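Throughout, protein chains are lettered first and strands after them, A, B, ... in sequence-line order, and every chain is numbered starting at 1. Only a predicted model underlies this, so the values are computations on that prediction, with no experimental measurement involved.
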Amino acid sequence: MFFTYLRRELRNRRKQTVVVAIGLAVAIALVIVVNSVSAGVRDAQASVLESVYGVGTDVTVTQAGEPGAGGPGAFAFGSEDGEASEDGTRSLAQDNLSVARGSASFDVSALETVAALDHVTGVSATLGLQNTSFSGEMPDFEAMQEQMEAGERPEPGTAGGGGAAGGSSFEVNSFDVTGVDPAADAVGPLTTVEVAEGRTLTADDADANVAVLDATYAEQQELAVGDTLTLAGTELEIVGTVTSTTGDGVATASDVYVPLAVAQTLASLDGQVTDLYVSVDSASNVDEVASAIEAALPDASVSTQSDLAEDVTGSLSTASSLVGTLGTWLSIIVLAAAFGLAILFTVSGVNRRTRELGTLKAIGWSRNRVVGQIAGESVAQGLIGGVAGVLLGGLAVAAINLAGITLTGSSGGGAFSFGGGGDVGDRLQQMGGQAPDAGAAGAAAPGGGPFGGGGAVASAVDVVLSAPVSLWIVLAAVGLAVLGGLLAGVVGGRRAARLRPAEALRSLA
Amino acid sequence: MYQIDTLTKTYQQGKRVVHALQDVSLRIDDGELVSIQGPTGGGKSTLLQMLGGLDRPTSGSISLDGTDLAGMNDTDLTRVRAETIGFVFQNFNLIPTLTAQENVETALVPSGVSKEERAARAVAALESVSLGDRADHLPGELSGGQQQRVAIARALVKNPKVLLADEPTGNLDEETRDEIVDLLEGLWKEQGLTLILVTHDSVVARRTPRRLRIAKGQVKDLTA
């Protein structure tokens, strides 16, 4: 009788059922879309982080450098360095391999310290370096000084133009080099790369002068497997190129990968590393491990995945905050409106059915049975709304996924902005005009002064938004709709419960 | 058997106190057919609701087979209504979305009988009011007389001891009225139940062996 009566009532009050169900469906669909997009954005953030920090990394350990420390050191040229041309201009070239600006290296013994901590399942260390090369022509500073002493102002040169006495033409190139332990492949930046050509680093390469290049970087530099790359005066054989597994065209964490020991030797940083990648046995232990590392390594900067996620910038960050705030509030408001609608219709339904419910009580239906009937009808409406909402939400999510929305995210804490030819050129040009000490032409930018600099190198990653609809979201959404129905049923049922049969029949007699 | 002693019921209507029943004392034996007449607002329906355990008196007692209905809690009163008392209303009060058979079955729901037994007893009750062929019809598809027959079948399907009918012919034409009164009279004789009819209609009242008149909250037995 319960289901027969329920079915007939819902069918008879089709308009009300449809309005309540649509209200709940829209609210539920919105909840599903917000949750799915939110999960999609989280996945996208994870992809960005994975492309930078590797799969399975729960905690990263770095050490911030002292202000002004790190980065390319001074390019020091003697007055007789390079080859002089007929007009006195000298052709110069110099490489500088050092720890990236803003970060500092620390002793590799930290790896053992972290590995010994509870809940740590894997640790790998890398040495993040930056190779900055300077090549070009510099003016004959001795001649310039003589001219100045004679009261003549040298004609300013044109950056990049070269040629004229006192002018300069030069090029500054920079690329990232990461020293990785070829034997540690469970965690770290190499977990999100796949071989494009050749091979990746193996345990046998521990001390070999070999390098693996990011495929995009290799293409830009027109380098291929079998070529050589000169790093700090040492020729390395390029044995392979790699691409990111997180998406097509996505750059990997570094331009060049070399064995850790080789990187340490080339940068004169024996026994030093810059990053530890730590995996933890359970997500619930991540914070505990992070705290333990902070206690064991007081100078270290310890970041968990959630800390790192906050560092993700770009349209991905905008989408994240949009979904996180606007989406959530919109869901709550629409859900509250839908619940209110369901309650309103249920209560008005009870009012309209006063005689009917009074009669049922008169013929012996208990209060609980009457309330149960009303609540059952409301819950069924909620269920219909929930199922419709899941379908509607599923379609909306499918549409979002089909739209192929691309989000761009960067991570790494501050972009490394290289001043660029114009800026650097202008500065050096001014220096030329000021006739610096001929004996130490250059000494440009100690610690990279004029080169804008942040911390680690930013890695911009394009990720196509893929909003997943999990079973959990579906169940939670239907549960919410049923809850809405139940709430309406409880409110309407309470009204029905208070109904005294005598008054119900008397008021309509 | 009903035993009513100094029964009083007052209502508050705004600032006005309405004395619906005043010191009513009355005895109705098992198997009696009693009509209650009186002017509108005289207390007829209030007395019927007291008899049916739908409302509690302000003072006095009303006992059915020795049990005081006034002192019962809601659960016990609901059980008495479900098992012992049948109601027939002026407006039939059928559930519009349920068929005639399902309407009759609603009276058996509280007693927890099986679905099959419920259906069989509902069909038998409908046949006893000559509506066996209308079991699948919705109330809206039935005439007023047929709807009242369904309501009578609903009241009788649980084999109550008492049948309380509040203006059962109030909304019917004369011909249908007579049919319904014939039916009720026949069922009363056949089933030996106590039948109490509230009516405006003197024609109906005159057909009952015992006639009560209630006015200004006080009852007078016209056949005493």
_CE on M1(A) to CD on E102(B), rounded to 0.5 Å_ = 5.5 Å
_Which atoms of T99(B) are under 4.5 Å from chain A, going by heavy atoms: the side chain, the backbone, both sets, or neither?_
both
_Test your reading of the model: is there a side-chain donor-acceptor pair from W365(A) to the backbone of V109(B), 3.5 Å cut-off?_
no
*asked:* Using modelled atom types and a 3.5 Å cut-off, is there a donor and acceptor pairing between side-chain atoms of R355(A) and backbone atoms of N93(B)?
replied: no
_Point-to-point distance, once rounded to the nearest 0.5 Å, from OG1 of T78(B) to CD1 of I363(A)_ = 12.0 Å
_Reported CD-to-CZ distance for the pair Q49(B) and R500(A), which is rounded to 0.5 angstrom_ = 11.0 Å
*In Å and rounded to the nearest 0.5 Å, what is the CZ to CD1 distance from R353(A) to I95(B)?*
8.0 Å
*Heavy-atom side-chain contact between P501(A) and R81(B) under 4.5 Å*: yes
*More than 12 heavy atoms of other residues, nucleotides or ligands under 6.0 Å from CZ of R367(A): is that the case?*
no
_For chain A, the option from V80(B), T75(B), L54(B) that forms the most heavy-atom pairs under 4.5 Å_ = L54(B)
*Are the side chain of R8(A) and the backbone N or O of T97(B) linked by a donor-acceptor pair below 3.5 Å?*
yes
*Nearest heavy-atom neighbours spanning F87(B) and A362(A)*: CE1-O, 3.3 Å
*For K115(B), is it the side chain, the backbone, both or neither that has a heavy atom under 4.5 Å from a heavy atom of chain A?*
neither
*Measuring heavy-atom distances to chain A, does R118(B) have an atom under 4.5 Å in its side chain, in its backbone, in both, or in neither?*
side chain
*Taking all atoms of both residues into account, what is the closest heavy-atom pair of P96(B) and E356(A), and its distance?*
CD-OE1, 3.6 Å
